[in-house]
Amino acid sequence: MARSTPEIPNASMADIAFLLLTFFLVTTTMPNNRGLSIALPPPPEATPPEDIKIQERNMFKIQINSSDALLIEGEPREDISTLKDEIKAFVLNNGRDPASSDNPEKAIVSFKTDRGTSHRRFIELLDIIQGAYYDIYAEQAGVTNEKFREAASDLSVPENKAIYEKGRAGIPLNISIADPTKVGN
Amino acid sequence: MGKFKKKTNAKQDIPTSSMPDVVFMLLFFFMVTTELRETSIEVKQQIPKATQLRKLMRKGLVANLYIGEPVKSQQFGKEPKIQADDVFIDTKDIVRWVNEQKAKLDEVERDQLTVALKVDRDAKRGLISDVETELRKANARKLLYTTLEDKEDSEN
């Protein structure tokens with residue numbers, strides 16, 4: 001008596017797999033946990049308003065109005081391709097140019113928007129300001145900008161923490177995002 | 001002329017026997033990387049691009065707020081709204097929302113909560129700064145503006 005070998009038909013396996021694949025393709029969303037990271041200042045009522053005198057030379061003022069037009073150090077500006085280098089020069093001035101900052105610790109980039117400023121414009125400028133600082137940090141730590149940001153994202157690894165601290169030494173991230181003015185909206 | 005001849009008579013079939021394997025491989029890739037969407041986003045989400053991105057390592061410590069013009073603008077109007085989880089919330093509800101999010105975490109990790117603001121690029125700064133003020137009041141001061149990566153000048 002010939003023994004019949006039991007077999008599962010597998011011709012349709014590809015079809016079944018395709019069906020499952022299509023399901024996952026349609027329902028999937030790639031998680032996006034990347035972006036521009038900032039730290040907010042402490043709660044408004046916890047810090048009583050103080051009159052802190054900041055010398056004009058230690059402020060790099062960037063203002064955006066409700067129609068997304070720029071005012072940099074009091075001058076209207078269209079072209080922002082050189083802005084990053086200007087911020088770097090300002091932070092690392094160390095008192096050389098009497099019109100620019102005393103030292104990186106005192107240097108503050110003041111960023112003020114209007115309530116009507118679009119988020120797109122805000123991100124564009126914040127990206128440039130943060131880019132200038134990350135470039136400075138990366139250079140001081142002796143790594144590339146990408147490597148520094150990667151290290152700063154995960155400080156639980158000791159090597160990353162070493163890079164981060166070496167880069168940040170003596171240069172705080174002084175970006176002041178002021179409450180917006182109320183022309184637009 | 002008639003000089004053209006078929007050069008070979010090799011079979012031209014594509015072998016299909018390994019197709020299930022290939023498809024299964026793709027399937028497993030998507031099964032592993034996928035994250036089933038828990039909330040349906042009811043606001044427009046055209047996320048702006050930036051170059052200086054940082055990544056959040058621990059997903060469990062992230063809470064998302066979506067801001068933008070409602071998709072159903074007939075029903076909810078054209079003014080940008082804030083969506084948390086599945087509902088639209090008001091700026092005054094944010095403190096309570098943050099506390100709910102913090103309650104989900106371990107006590108030691110509560111101050112590490114990061115709020116990811118997923119903001120439509122046409123939303124206005126006014127609303128976002130109101131949200132930020134509330135977040136400061138709620139003491140959730142780690143903030144991330146979610147952006148996409150701009151490849152063009154990322155070498156700078």
Side-chain angles (χ1 to χ4, degrees), chain A residues 10 13-14 16-18 20-21 23-25 27-46 64 66 84 113-124 126-131 133-135 145-146 149-150 152-156 177 179-180 182 184-185, chain B residues 16 19-20 22-24 26-27 29-31 33-37 46-57 59 62 67-68 114-130 132-133 135-150 154-156:
Chain A
N10 56 10
M13 191 160 72
I16 296 169
F18 263 120
L20 280 169
L21 178 63
F23 170 74
F24 277 99
L25 268 173
T27 58
T28 200
T29 48
M30 292 289 169
N32 181 13
N33 276 334
R34 288 145 59 86
L36 301 180
S37 150
I38 62 165
L40 293 174
E45 63 267 27
I64 314 178
S66 56
K84 198 187 209 180
T113 60
D114 187 83
R115 288 185 70 87
T117 305
S118 75
H119 185 60
R120 181 196 336 220
R121 191 67 160 160
F122 173 80
I123 288 292
E124 188 183 358
L126 186 64
D127 193 37
I128 293 173
I129 302 169
Q130 292 204 337
Y133 268 102
Y134 286 138
D135 277 357
N145 183 320
E146 284 83 24
R149 278 183 283 130
E150 210 176 284
S153 296
D154 190 6
L155 293 177
S156 56
I177 300 174
D179 284 339
K182 282 182 185 162
N185 197 8
Chain B
T16 54
M19 191 164 71
V22 175
V23 174
F24 267 116
L26 276 170
L27 176 62
F29 170 75
F30 277 99
M31 280 179 73
T33 57
T34 201
E35 170 199 4
L36 288 181
R37 185 172 280 180
Q46 280 197 304
I47 304 288
K49 284 183 176 176
T51 58
Q52 309 294 322
L53 307 188
R54 279 176 53 178
K55 197 175 178 186
L56 292 179
M57 283 302 170
K59 250 198 88 228
V62 182
I67 300 174
T114 306
V115 177
L117 287 184
K118 302 197 169 171
V119 187
D120 186 78
R121 61 188 186 195
D122 291 325
K124 300 287 182 222
R125 252 327 265 170
L127 178 65
I128 303 163
S129 77
D130 290 344
E132 283 167 14
T133 311
L135 289 175
R136 281 167 65 188
K137 281 185 201 159
N139 221 359
R141 283 162 42 203
K142 288 176 126 186
L143 188 62
L144 184 89
Y145 297 109
T146 303
T147 55
L148 301 175
E149 181 153 26
D150 193 352
S154 58
E155 75 272 6
N156 295 335

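In the text below, chain A, chain B and the rest are named by the order of the sequence lines, each starting its count at 1. All heavy atoms count here, side chains included; hydrogens, waters and symmetry mates do not.
For chain A, the nearby part of D130(B) is the side chain; its heavy atoms alone come within less than 4.5 Å. Proximity to chain A (any heavy atom under 4.5 Å) is shown, for A116(B), by neither the backbone nor the side chain. The part of A140(B) that comes within reach of chain A is its backbone (N, CA, C, O), which places non-hydrogen atoms under 4.5 angstrom from that chain. Proximity to chain B is limited to the side chain of L126(A), based on heavy atoms less than 4.5 angstrom apart. Proximity to chain B is absent for every atom of I128(A), based on heavy atoms less than 4.5 angstrom apart. Residue contact with chain A, scored on non-hydrogen atoms closer than 4.5 Å, involves the backbone and the side chain of K55(B) alike. In this structure, the portions of F18(A) lying under 4.5 Å from any heavy atom of chain B include both its backbone and its side chain. With a 4.5 Å cut-off on non-hydrogen atoms, I128(B) touches chain A through its side chain but not through its backbone. Both the backbone and the side chain of T117(A) come within contact range of chain B, each with at least one heavy atom under 4.5 Å from a heavy atom of that chain. Both the backbone and the side chain of M31(B) come within contact range of chain A, with heavy atoms under 4.5 Å apart.
We find the OG1-CD distance between T51(B) and E146(A) to be 9.0 Å, quoted to the nearest 0.5 Å. Note that the CD1 atom of I47(B) and the CD1 atom of I123(A) stand 9.5 Å from one another [nearest 0.5 Å]. Distance check: T146(B) OG1 to N33(A) CG gives 7.0 Å after rounding to the nearest 0.5 Å. For the atom pair CZ of R115(A) and CG of L127(B), the computed distance is 8.0 Å after rounding to the nearest 0.5 Å. Here the OG1-CG distance, from T133(B) to L40(A), works out to 8.5 Å after rounding to the nearest 0.5 Å. To the nearest 0.5 Å, atoms CZ (R125(B)) and CD1 (I64(A)) are separated by 9.0 Å.
Of all the heavy atoms in T147(B) and G35(A), the pair that sits closest is OG1-CA, 3.4 Å. The two residues R34(A) and E149(B) come nearest to each other via the heavy atoms NH2-OE1, 2.6 Å. For D179(A) against R136(B), the heavy-atom pair with the smallest separation is OD1-NH1, 4.4 Å. Summarising the geometry of R121(B) relative to S118(A), their closest heavy-atom pair is O-CB, 3.9 Å, with the distance given to 0.1 Å.
Side-chain contact between E124(A) and D150(B) is absent, with no heavy atoms from C-beta onward closer than 4.5 Å. Looking at heavy atoms from C-beta onward, H119(A) lies in side-chain contact with P48(B) at the 4.5 angstrom threshold.
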